[in-house]
Amino acid sequence: MIAEDFILKNYNSSVESGSVKWESPSNIALIKYWGKKENQIPENPSISFTLSNCKTITKLTYTKKDLSTALKVTSDFSFDVYFEGEQNEAFKPKIQTFFERIEEYVPFLRDYHFKIETSNTFPHSSGIASSASGMSALALCLMSIEQKLKEGVTLSAVERSSEKNYFKRKASFLARLGSGSACRSIEGELVVWGQNESAESSDLYGIKFEGEVHSNFNNYQDTILLVDKGEKQVSSTVGHKLMFGHPFAQQRFAQAHDNLAKLKAVLASGDLQGFVKIVESEALTLHAMMMTSMPYFILMKPNTLEIINKIWKYREENNSNVCFTLDAGANVHVLYPENEKESVLKFINKELADYCQNGHFITDFVGKGAQLIEN
């Protein structure tokens with residue numbers, strides 16, 4: 001599919017009101033995306049585990065604008081945002097930008113006033129990036145509204161060819177325009193984003209990985225160690241921009257393609273040691289790119305390094321397959337097979353929890369993707 005396939009050309013403008021509710025999870029990249037082109041197009045491919053417990057729940061209520069005041073408001077998007085039950089003005093600029101980016105594809109945005117009610121199953125201040133779960137949940141709500149507006153309307157050939165597939169891919173396409181990694185939160189368990197030769201893929205949306213996956217990776221566990229719950233000193237948006245002119249950018253992009261091909265083989269064979277090597281190398285490479293950009297920056301904290309060294313020591317002494325990965329921040333995702341859950345959680349409680357802020361960590365595992373709650 002190309003971008004033009006996602007433009008809504010015909011819809012029923014007589015629908016007055018309604019509401020829809022979706023829950024969408026966060027995800028953790030195994031092969032990292034770092035660096036993007038215009039329109040949220042990634043410079044390199046990525047693949048992620050979709051999480052299960054860490055998710056955003058969003059209810060979107062839509063009401064047709066009053067015709068008597070329509071001329072006064074059609075030039076503006078009209079929406080209110082509520083987070084955890086309270087009106088939140090701080091979220092509005094990002095949603096305004098999101099609406100501006102996607103209006104071409106969902107032209108009914110200016111027809112309605114929207115009430116956006118959202119909450120996370122994880123603490124908002126926990127340091128877990130909520131943009132992926134939040135933007136994907138909002139995109140899915142908009143797609144459910146689009147589906148309602150298309151009832152009784154002649155569909156395009158692309159829409160008719162595979163309506164369910166079209167729904168998910170357009171939701172992922174829209175989510176990407178809000179937050180790049182959000183496009184990987186629509187489905188599970190593994191999602192690929194970014195054109196490459198190793199797996200079915202697209203720069204425009206995430207695609208469920210359909211390659212062979214060994215049973216070793218069933219119900220894979222992710223315990224998130226919350227080292228630093230504060231705001232990052234450098235935003236991901238700024239970090240991505242620093243890849244322009246980065247002295248190692250092209251080598252990094254090539255490395256991501258190569259690692260994705262290697263990871264595909266590892267997933268098929270069940271090679272847990274191979275998985276550990278690729279995933280940890282990718283995490284450290286991500287942070288190496290930050291440390292070698294100009295200006296340079298370090299998002300890891302002393303406790304991040306302490307945890308990494310503890311994991312390495314535990315893995316060697318216990319013949320374990322536990323490993324770590326990192327997002328663009330200080331928190332550590334501890335990944336391990338389900339059959340090591342009991343022993344690894346004991347290790348985390350005994351040796352790693354003290355390095356977390358207030359001893360706080362979140363246990364999670366690989367999930368199936370977003371779910372419709374109310375329509």
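Nothing here was measured: the structure is a model prediction, and the numbers come from that model. Sequence positions, counted from 1, serve as the residue numbers for this chain.
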Check whether the side chains of Ser179 and Ser131 place a donor and an acceptor atom closer than 3.5 Å, and report yes or no.
yes

Consider only side-chain N and O atoms of Asn12 and Ser14, and report whether a donor and an acceptor are under 3.5 Å apart.
yes

Consider only side-chain heavy atoms of I, L, V, M, F, W and Y, link residues closer than 4.5 Å, and tell whether Val276 and Val344 are in one cluster.
no

From the list Lys65, His113, Arg110, side chain to side chain donor-acceptor pair (under 3.5 Å) partner of Ser78 resolves to His113

In a table with atom names and distances, give each donor-acceptor pair under 3.5 Å that connects a side chain of residues 90-99 to protein atoms at least two apart or in another chain.
| from | atom 1 | to | atom 2 | distance (Å) |
| --- | --- | --- | --- | --- |
| Lys92 | NZ | Phe79 | O | 3.0 |
| Gln96 | NE2 | Glu100 | OE2 | 3.0 |
| Thr97 | OG1 | Pro93 | O | 3.1 |

Run the ring-ring contact (aromatic ring centres under 6.0 Å, His included) check on Tyr33 and Trp193 step by step: do they pass?
CA-CA 9 Å; Tyr33 139 67; Trp193 173 41; 4.6 Å; yes

Which value, rounded to the nearest 0.5 Å, describes the distance between Thr223 atom OG1 and Lys341 atom NZ?
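Spacing of OG1 (Thr223) from NZ (Lys341) equals 8.0 Å.
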
Apply side-chain contact (heavy atoms from CB on, under 4.5 Å) to the pair Arg315 and Cys323, showing each step before the final yes or no.
CA-CA 8 Å; Arg315 187 166 69 220; Cys323 69; 3.8 Å; yes

Check each of Asn27, Val366, Thr325, Leu335 against Asp222 using the side-chain contact (heavy atoms from CB on, under 4.5 Å) test, and report the only one that passes.
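Going through Asn27, Val366, Thr325, Leu335 one by one, the side-chain contact (heavy atoms from CB on, under 4.5 Å) with Asp222 is satisfied by Leu335 alone.
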
Hey, what do you get for CD1 (Ile7) to NZ (Lys170), rounding to the nearest 0.5 Å?
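Interatomic distance, Ile7 CD1 to Lys170 NZ, rounded to 0.5 Å: 8.5 Å.
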
Let me have the donor-acceptor pairs involving side chains of residues 304-314, under 3.5 Å, with sequence neighbours excluded, atom names and distances please.
| from | atom 1 | to | atom 2 | distance (Å) |
| --- | --- | --- | --- | --- |
| Thr304 | OG1 | Lys301 | N | 3.1 |
| Thr304 | OG1 | Lys301 | O | 3.4 |
| Thr304 | OG1 | Ala330 | O | 2.7 |
| Asn309 | ND2 | Leu305 | O | 3.0 |
| Trp312 | NE1 | Glu280 | OE1 | 3.0 |
| Lys313 | NZ | Glu317 | OE2 | 2.9 |

By side chain to side chain contact (heavy atoms under 4.5 Å, CB included) - contacts of Ser52 (at least two apart):
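Ser52 satisfies side chain to side chain contact (heavy atoms under 4.5 Å, CB included) with Asp364, Phe365 only.
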
Do you know the tightest heavy-atom contact between Ser281 and Gln255?
OG-NE2, 4.4 Å

Looking only at the side chains, is there a donor atom on one of Arg184 and Ser48 sitting less than 3.5 Å from an acceptor on the other?
yes

Gap separating the CD atom of Gln250 from the CG atom of Asn44, nearest 0.5 angstrom
10.5 Å

Salt bridge check, Arg252 against Glu282: does any charged N sit closer than 4.0 Å to a carboxylate O?
yes

Is it true that the NZ or CZ of Lys115 lies under 6.0 Å from the centre of Tyr62's six-membered ring and within 45 degrees of the ring axis?
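The answer is no, since Lys115 fails at least one limit relative to Tyr62.
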
side-chain contact (heavy atoms from CB on, under 4.5 Å) assessment of Leu225 paired with Phe324
CA-CA 10 Å; Leu225 308 183; Phe324 71 87; over 6 Å; no

Between Phe77 and Phe114, is the ring centre distance below 6.0 Å?
no

Is any side-chain heavy atom of Lys37 closer than 4.5 Å to one of Glu43?
yes

Shortest non-hydrogen contact between Ser24 and Ser133, atoms and distance:
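Smallest interatomic distance, heavy atoms only, reads O-CB, 3.3 Å.
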
Report the relative orientation of the aromatic rings in Phe6 and Tyr205; use parallel for angles under 30°, tilted for 30 to 60°, perpendicular for over 60°.
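It falls in the perpendicular class, over 60°.
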
Are Lys36 and Gln40 linked by a side-chain donor-acceptor pair shorter than 3.5 Å?
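Yes, Gln40 and Lys36 have a side-chain donor paired with an acceptor closer than 3.5 Å.
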
